[in-house]
Protein chains: 2
Amino acid sequence: MQKLPGKTVERLSEYRRTLINCLSEGKSFIYSHELAHMHHKTAVQVRRDIMLMGFSGLQRKGYDVKEMIDAISEILDSPEGQNVAIIGIGHLGTAILHYFKGKRAKLNIQALFDTDPQKIDRIIDGIPCYHPEKLDDIVHKYRINIGILTVPPEKAKELKDQLIQAGIRGILNFTTVPLKVPDHVYLEEYDMITSIEKVAYFSGK
Amino acid sequence: MQKLPGKTVERLSEYRRTLINCLSEGKSFIYSHELAHMHHKTAVQVRRDIMLMGFSGLQRKGYDVKEMIDAISEILDSPEGQNVAIIGIGHLGTAILHYFKGKRAKLNIQALFDTDPQKIDRIIDGIPCYHPEKLDDIVHKYRINIGILTVPPEKAKELKDQLIQAGIRGILNFTTVPLKVPDHVYLEEYDMITSIEKVAYFSGK
DNA sequence: TGATGATTGTGTAAAAATTAACAATATACC
DNA sequence: GGTATATTGTTAATTTTTACACAATCATCA
């Protein structure tokens, strides 16, 4: 299937989380306007997103929560699963590890990398941590295709290059340095400072 | 001045960081296409952003780096500065604290909040940490107007309400729960899981 | 000093994203 | 069983964002 717009993908991911909560609360049907309200979106947008992914609801009853979770998972999760590495196990890397662990069956954090001797060759929260010099080996061995970069800015470029060299397909860059990647690698960047500055700007007079 | 588009504000924040690096490397002028290239943007977009904020460069010489930093700061930084609190000093809260500390003269992290007895009434990285029951007092005392929420999802709503009750103007929500806020409060939400799922989606076949 | 060429600034066009509008339809109620 | 009504699905309109195109301008160098 044709790739969906990035914005729609983001929203589907968000909807899914909410839907999982709904299900656990025993709610089995949901209206577009309910879901919209929970996400500061409009009902039309929710319906359009759902339409774009090829799912449908029942008129006057809304959407079957369980079916919709499955439909979103069908889109977002690759069937064979994907393996993830976190590069840089400082506070941010650790936060991501905790947030994520066990939440998504199809996204497995397989390896951590850090230069801290206290961490190298230890198991951290169930996941082994290695020295970055082993990056190439481990990426191949565990078929890792996604790297999450949470290293200090001065190391970002070097490790990005190593990840690409090792054949990674996607990078999520949390460092403050914008990175360049070749076309066959998907790059997503997020910058906390920017978010904070944006809040500061819009919450000021 | 009229508020700029959110996207432009984000880019200005990013440009500023790059420009500060340029300056520290002794680069005193920069072309729109150079800045664009560093940020995966087009030169036109950079020029338009600069135009929107009312700054100008010199034809054939580009933009004066120092002047442009000042121009962006004029836009993004409120002159009297803004005071920030981080609510939840787990790994993520700590990461933000470290990332941010001392980086922006006009955004002062004034207080931390956490329920961990090990942290309450201690100074963490130079900033005092309090029990959330003191939130209202401290927000007023230090004139805090921005709150960064990095608490477990089940506590998000309650602490959001307390922040708003205390008169906060902007919230940056890093929890996985979408929040509702009244119109006079600016809300920015970021969800790591969504970013990772987006990378997984677009880096898959 | 005059021609050249690179770069900015910006009106206009294009593309992308969002919203409005409304037909189709299934449910609930009488 | 018939009617009213709430909700979906989708086309069309609108708005927002980005890119194109090019005139204006100023350093540079012959």
Side-chain angles (χ1 to χ4, degrees), chain A residues 1-15 19 22 27-69 71-72 75 178 188-189 194 198 201-202, chain B residues 1-15 19 22 27-69 71-72 75 178 188-189 194 198 201-202:
Chain A
M1 179 168 146
Q2 185 65 25
K3 289 281 180 193
L4 299 169
K7 289 279 176 70
T8 294
V9 171
E10 289 177 18
R11 285 188 296 258
L12 290 178
S13 162
E14 289 160 13
Y15 299 157
L19 292 169
C22 288
K27 190 172 173 66
S28 55
F29 277 85
I30 193 166
Y31 296 127
S32 60
H33 62 261
E34 291 178 300
L35 198 47
H37 190 256
M38 295 179 202
H39 288 274
H40 330 303
K41 302 277 151 46
T42 64
V44 189
Q45 186 161 66
V46 169
R47 293 206 300 276
R48 175 164 285 277
D49 287 334
I50 291 170
M51 189 190 87
L52 285 176
M53 74 165 176
F55 183 68
S56 15
L58 301 171
Q59 268 154 348
R60 296 255 350 200
K61 283 193 74 179
Y63 301 90
D64 185 302
V65 173
K66 177 133 188 5
E67 280 182 14
M68 186 158 156
I69 292 170
I72 295 176
I75 304 274
E188 176 85 13
E189 307 200 303
T194 291
K198 192 177 171 193
Y201 177 78
F202 284 107
Chain B
M1 179 168 145
Q2 186 64 27
K3 290 280 179 194
L4 298 170
K7 289 280 177 69
T8 294
V9 171
E10 288 178 18
R11 286 189 296 258
L12 289 178
S13 163
E14 289 161 11
Y15 299 158
L19 292 169
C22 288
K27 190 171 173 65
S28 55
F29 277 84
I30 192 167
Y31 296 127
S32 60
H33 63 260
E34 291 178 299
L35 198 48
H37 189 256
M38 296 179 203
H39 288 273
H40 331 303
K41 302 278 151 48
T42 64
V44 189
Q45 187 162 65
V46 169
R47 294 206 299 276
R48 182 163 290 276
D49 287 334
I50 292 170
M51 189 189 87
L52 285 176
M53 73 165 177
F55 183 67
S56 13
L58 301 170
Q59 267 153 345
R60 294 249 357 192
K61 282 192 76 179
Y63 300 90
D64 184 303
V65 173
K66 178 134 188 3
E67 279 182 15
M68 186 159 155
I69 293 170
I72 295 176
I75 304 274
E188 176 84 14
E189 307 200 302
T194 291
K198 192 178 172 193
Y201 177 78
F202 284 108

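Per chain, numbering begins at 1; letters A, B, ... match sequence-line order. Below, all heavy atoms of this structure are taken into account, side chains as well, without hydrogens, waters or symmetry copies.
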Distance in angstrom units between His40(B) NE2 and dT18(D) P, rounded: 15 Å

Which residues in residues 41-48 of chain B have at least one heavy atom lying under 4.0 Å from any atom of DNA chain D? Thr42(B), Val44(B), Gln45(B), Arg47(B), Arg48(B)

Side-chain contact test, heavy atoms from C-beta onward, threshold under 4.5 Å: evaluate it for Glu189(B) versus Pro178(B) and give yes or no. yes

So, do Tyr63(A) and Phe55(A) sit near enough that their side-chain heavy atoms are less than 4.5 Å apart? yes

Starting at CE of Met51(A) and ending at C1' of dA24(C), how long is that distance when rounded to a whole Å? 15 Å

Would you tell me whether Gln45(A) and His39(A) have side-chain atoms, one donor and one acceptor, within less than 3.5 Å of each other? no

So what does Leu58(B) hit on the nucleic acid, given a heavy-atom distance under 4.0 Å: a base, only sugar-phosphate, or nothing? sugar-phosphate

Side-chain heavy atoms of Lys3(A) within contact of Tyr201(B), under 4.5 Å: yes

Do Ile75(A) and Val9(A) touch side chain to side chain, with heavy atoms closer than 4.5 Å? no

Value in whole Å for how far the C1' atom of dA17(C) lies from CD of Glu10(A): 13 Å

Nucleic acid contacts of residues 29-36 of chain B, taken as heavy-atom distances under 4.0 Å to DNA chain D: none

To the nearest angstrom, how far is Asp64(A) atom CG from dT7(D) atom P? 17 Å

So CZ of Arg60(B) and OH of Tyr31(B): to nearest 0.5 Å the spacing works out to 6.5 Å

Among the nucleotides dT25(C), dA27(D), dC26(D), which one has an atom lying closest to any side-chain atom of Gln59(B)? dC26(D)

Are any non-hydrogen side-chain atoms of Met38(A) and Cys22(A) less than 4.5 angstrom apart? yes

Rounded to the nearest 0.5 Å, what separation is found between the CD1 atom of Ile30(B) and the CG atom of Leu35(B)? 4.5 Å

Let me confirm one number: the CG-NZ distance from Asp49(A) to Lys7(A), rounded to the nearest 0.5 Å. 11.0 Å

With nearest nucleotide decided by heavy atoms, which residue, Pro5(A) or Lys61(A), maps closer to the 5′ end of DNA chain C? Pro5(A)

If you pin Gly57(B) and Lys7(A) to their nearest nucleotides in DNA chain C, which one's is more 5'? Gly57(B)

Think Arg11(A) has a side-chain N or O under 4.0 angstrom from the OP1 or OP2 of dT18(C)? yes

Leu52(B) has an atom CG; how far is it from atom P of dG11(C), in whole Å? 11 Å

